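Here's the structure, in structure tokens; my notes come after.
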Amino acid sequence: MIVAIDGPAGSGKSTVARALAAREGLTYLDTGAMYRAVTLACLERGVDPADADAVAEVAKAVRVSFAPGDGGAAPRVLLDIQDVTEAIRTAEVDRAVSAVSAVPAVREAMVAQQRRIAEGHDVVAEGRDIGTVVFPKAEVKVFLSADPEARAWRRAIEREGGDPTAPDAKVHDKKAYKRVLADIKSRDAQDSARDTSPLKPADDAVRLDSTKLTKDETLDAIAALVDQRRGRSGESRSSTVGRSGESQSSNPGQKALSEASGGKKGKTAKRPKKADEPMRAFHCDFDDYFDHGIDQWPLPSRAWHNFMCGVVYGFTKLYWPWVFEGGEEFMEELARRDKGTVIVQNHVSMVEPVITVVWGWRHGVHIRPVYKKEFEKNDLLTWVFSRTGAIPVNRGTADLKMARRCQRAIQRGESVLIYPEGTRIREDDKKAPIHGGFALIAQMARTDVTPMAVIGVRAVTPDNKLPARPHHVWFKVGRPISFGELGVKGRRQQLDAMEQRAMDRVWRLRAQLRAEHPGEW
Ligand SMILES: Nc1ncnc2c1ncn2[C@@H]1O[C@H](COP(=O)(O)OP(=O)(O)OP(=O)(O)O)[C@@H](O)[C@H]1O
Ligand SMILES: Nc1ccn([C@@H]2O[C@H](COP(=O)(O)O)[C@@H](O)[C@H]2O)c(=O)n1
């Protein structure tokens with residue numbers, strides 16, 4: 001499902017989209033942040049935002065992506081590998097961004113990146129042209145507006161460090177408020193008047209004016225549309241919304257919104273979460289397998305899983321005789337506790353995740369590898385991945401859905417297997433940037449990170465081509481690292497320290513294995 005939320009600055013798009021994403025398990029896409037990141041790149045490179053050709057070159061050269069924020073906070077914005085989350089929110093970027101975003105080549109580059117990010121995902125995307133251009137077939141389209149004064153008031157309070165959603169919120173600096181109001185009006189005018197993808201409601205968008213609505217009321221109104229679209233219209237939400245200030249229309253979504261915002265108190269019915277519902281044999285989709293514990297799968301699926309793991313276990317033991325040094329202690333430790341761990345390994349081939357999964361299976365431990373969604377080239381492959389207990393990740397986005405699935409798996413006692421190098425590293429001197437999402441997952445699940453290293457696998461496919469050759473494979477299992485032992489305070493600092501410590505351990509374990517088995521890689 002795609003939920004598109006468009007509207008002018010300060011109307012509440014990001015606030016509502018983030019909350020909706022968390023509530024509905026959707027991937028959140030802040031497209032404004034992408035245009036801001038390109039604008040920052042221009043400013044940093046001394047490119048004049050009015051020079052369309054030079055701006056277009058910058059847009060084509062940079063890659064904007066997202067990484068999960070700390071413990072459910074807003075996603076971090078990455079410009080190539082630089083974290084620009086805070087740097088893109090300055091008044092200087094505010095003033096230049098509309099000129100940059102009006103350049104057609106910039107829009108082309110960003111829209112392509114946005115569609116790529118959303119591929120295969122349930123997404124809530126917010127911006128100016130989501131319902132009209134980026135996702136014209138979005139299942140839910142909302143055009144969220146508010147009076148310019150209300151929007152400037154919110155932004156001014158926010159800039160003073162206050163919370164505009166608090167009941168006693170006040171603007172202290174009236175001059176600053178006037179400057180913000182002028183900036184907002186100028187941005188509205190530029191964004192609405194440009195030739196390419198101007199800010200305007202899609203014909204089939206539901207219009208919602210948040211001037212007199214609270215944040216929760218706005219969220220409830222949009223969530224009601226999502227419910228209606230998902231066929232959950234019989235259920236009512238616990239809170240009600242006030243007047244939207246918009247007239248009724250014949251648009252069915254608008255009607256649903258009017259009903260939702262009509263002031264009638266709904267029953268306090270808790271919508272069952274999909275992951276809590278038992279699975280029914282032969283009535284499950286891929287998501288069911290990703291969302292549920294392997295022990296919760298229907299009997300035929302568990303039987304198939306056991307059969308496959310048994311066959312693969314036997315085959316790998318014979319063809320790639322493998323050992324896990326320190327593996328028995330690790331399994332004993334896992335057996336003593338009720339939570340799983342986040343396993344991180346170096347990545348050389350496709351052999352190590354397979355062996356690690358069946359090694360866990362042999363010990364009665366479910367190890368769920370996280371795999372790139374790009375591998376899902378067709379339904380058959382997705383079927384295979386889903387039945388092995390693997391969990392997909394949409395790389396290049398703040399894939400909170402994956403993070404939450406992993407968190408729940410760990411809390412159920414399963415462990416997750418992550419390759420922070422992201423790609424297979426087959427040369428000694430090749431260094432890949434580390435994807436730190438594993439530390440965040442461990443933090444969300446309040447568990448530890450277990451480093452492991454593997455060698456011997458490069459000789460299985462020496463030219464990175466099939467057929468795979470028989471060869472010995474060695475794993476070394478490190479001691480789980482807890483956040484408490486890092487000796488640092490603060491969520492962000494702990495994440496950084498964990499990423500560094502865990503990967504250093506992986507590489508140290510690999511060096512030890514290589515010393516023990518000279519010539520092996
Ligand atoms: N209904 C509301 N009532 C009061 N304040 C709100 C409401 N919705 C959002 N806010 C507050 O207004 C500010 C602006 O909201 P937000 O950043 O979500 O707007 P936006 O439309 O995403 O703006 P932009 O396009 O500039 O990113 C935030 O501080 C938010 O907490
Ligand atoms: N889909 C979009 C989103 C944003 N823009 C431009 O970026 C500016 C900043 O957006 P915020 O949501 O962060 O305020 C905005 O003023 C637009 O110029 C866009 O063109 N299309």
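Treat the numbers as computed from the prediction; the structure is a model and nothing was measured. Counting convention: from 1, in listed order, for ligands and their atoms alike. All heavy atoms count here, side chains included; hydrogens, waters and symmetry mates do not.
Under the salt bridge (Lys or Arg N to Asp or Glu O under 4.0 Å) rule, D291 has a single partner from R404, R368, R405, R412, which is R405.
Between F290 and F286, the ring planes are tilted. Angles from 30° to 60° get that label.
Taking any N or O of R36, backbone or side chain, at least one lies under 3.5 Å from an N or O belonging to ligand 2. The N/O atoms of D30, backbone and side chain alike, include none that comes under 3.5 Å of an N/O atom in ligand 2. By the 3.5 Å distance cut-off applied to N or O atoms, R36 is not counted among the residues near ligand 1.
From the protein, the heavy atom lying nearest to atom 9 (C) of ligand 2 is R187 NH1, 3.5 Å. In terms of protein heavy atoms, atom 3 (C) of ligand 2 is closest to T31 OG1, 3.4 Å. For atom 4 (C) of ligand 2, the nearest protein heavy atom (residue, atom name, distance) is G32 CA, 3.5 Å. Closest protein heavy atom to atom 17 (C) of ligand 2: D191 OD2, 3.3 Å. For atom 13 (C) of ligand 1, the closest non-hydrogen atom on the protein side is E158 OE2, 3.5 Å. Ranking protein heavy atoms by distance to atom 10 (N) of ligand 1, first place goes to R154 CD, 3.9 Å. In terms of protein heavy atoms, atom 21 (N) of ligand 2 is closest to R107 NH2, 2.9 Å. Annotation: atom 8 (C) of ligand 2 to nearest protein heavy atom, V97 CG2, 3.5 Å.
Contacts with ligand 1 closer than 4.0 Å are made by side-chain heavy atoms of T218 only, the backbone lying farther away. By the criterion of a heavy-atom distance under 4.0 Å, both the backbone and the side chain of D129 are placed next to ligand 2. If you look at D163 next to ligand 1, there are no close heavy atoms at all, none under 4.0 Å.
In this structure, G7 does not count as a contact residue of ligand 1, since none of its heavy atoms falls inside 4.0 Å of the ligand. For G32, the heavy-atom gap to ligand 1 stays at 4.0 angstrom or more. Under a 4.0 Å heavy-atom criterion, R159 is not in contact with ligand 1. Assignment of P8 to the shell around ligand 1 is supported, since a heavy atom sits closer than 4.0 Å.
With D6, I184, T15 as candidates, the residue nearest to atom 16 (P) of ligand 1 on a non-hydrogen basis is T15. Compare R128, M34, K13 by their heavy atoms: the one nearest to atom 2 (C) of ligand 2 is in R128. For atom 24 (P) of ligand 1, the candidate residues are R155, E126, R18; the nearest heavy-atom contact is made by R155.
Taking every heavy atom of K13 and a limit of under 4.0 angstrom, the matching atoms of ligand 1 come to 18 (O), 19 (O), 20 (P), 21 (O), 22 (O), 23 (O), 24 (P), 25 (O).
Of the inter-residue distances, the one linking H292 atom NE2 with E414 atom CD reads 11.0 Å to the nearest 0.5 angstrom.
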